[in-house]
Amino acid sequence: MTISEALNFIKSESSERAFRFIFDTQYERMFRTAFFYTKDDEMAREVVLDVFASIWNRRQTLIIPKDFGAYCFIAVKNMALNLIKKNPLSAHEELPQNMMADGSNPEQQIIDEEIFEHYEKVLYGLPDRCREIFIMAREDGMSYAEIAEKLNISTKTVDAQLQKATKLIRSQMEDFVRGNADGSHSVNAFCLFFAF
């Protein structure tokens, strides 16, 4: 089943199976986006569940987007920023000014979002196993041994796949940074993505 087919089933048949497919395939990416803005696990989960609830509640009138990934990114981003504004005393208040939802540094916010969006594209362009291992190691904090056991592979395979993922991401992120002639992306790009 494709995302488009699942969305059509949700809209036309209120298919819970199709909704579960969308949830299972999109949750991880949406959570990562929400966490980028909230820097809080609980808030990020709340944001993602609210977006999914909105999709389900509006399923009969849902306009199916051509690019569901972009749709989710925007929906999660907006929901996260709204939640941050409603919760001024939450953990995110310790974030640097350029990450705040009040727009105190809108130019920097745009730069950070561009970097994050590009990182997402690069990450989801990796081969499946490569991406899976990279996420387990770099985002979930699992050890090589834990990953090897979970995937039933050797730690050498984990290491090789992780090196491959890191090299591909680093290369494409460096290309992205170089593609911005004014160099304004450089510091944030390296801080966010090259510290692995």
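Predicted model only: the values in this text are computed from it and were never measured.
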Where do [X] and [Y] come nearest, in terms of heavy atoms and distance?
{"X": "Ala18", "Y": "Ala6", "value": "CB-O, 3.4 Å"}
{"X": "Phe35", "Y": "Ala44", "value": "N-CB, 3.7 Å"}
{"X": "Leu123", "Y": "Arg131", "value": "O-CD, 3.3 Å"}
{"X": "Val47", "Y": "Ala80", "value": "CG2-CA, 3.7 Å"}
{"X": "Ile84", "Y": "Thr38", "value": "CD1-CA, 4.1 Å"}
{"X": "Ile10", "Y": "Phe19", "value": "CD1-CA, 3.5 Å"}

Under 3.5 Å, side chain of [X] to main-chain N/O of [Y], donor-acceptor pair present?
{"X": "Thr166", "Y": "Leu162", "answer": "yes"}
{"X": "Ser171", "Y": "Leu168", "answer": "no"}
{"X": "Arg59", "Y": "Trp56", "answer": "yes"}

When you check the gap from the basic side-chain N to the acidic O, do [X] and [Y] get nearer than 4.0 Å?
{"X": "Arg32", "Y": "Glu28", "answer": "yes"}
{"X": "Lys156", "Y": "Asp159", "answer": "no"}
{"X": "Glu132", "Y": "Arg129", "answer": "yes"}

Exercise. If you count the non-hydrogen atoms of other residues, nucleotides and ligands that lie under 6.0 Å from CD in Glu5, is the total more than 12?
Worked result: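 Atom CD in Glu5 is packed in, count exceeds 12.
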Exercise. Counting heavy atoms not belonging to Asn152, are there more than 12 under 6.0 Å from its CG?
Worked result: no
Exercise. Is any side-chain heavy atom of Phe52 less than 4.5 Å from a side-chain heavy atom of Gln26?
Worked result: yes
Exercise. According to the interplanar angle, ranging from 0 to 90°, do the rings of Tyr27 and Phe23 count as parallel (below 30°), tilted (30 to 60°) or perpendicular (above 60°)?
Worked result: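 Taking Phe23 first and then Tyr27, their aromatic rings sit tilted (interplane angle of 30° to 60°).
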Exercise. Taking the six-membered ring of Tyr124 as reference, does the NZ or CZ atom of Arg29 fall below 6.0 Å from its centre and within a 45° cone about the axis?
Worked result: yes
Exercise. Between Phe36 and Lys39, is there a cation-pi geometry (under 6.0 Å to ring centre, at most 45° from the normal)?
Worked result: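 Relative to the ring axis of Phe36, which defines the angle, Lys39 lies inside both limits.
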Exercise. So, Arg58 versus Ser54: side-chain donor-acceptor pair below 3.5 Å or not?
Worked result: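 Per modelled atom types, Arg58 and Ser54 side chains form a pair under 3.5 Å.
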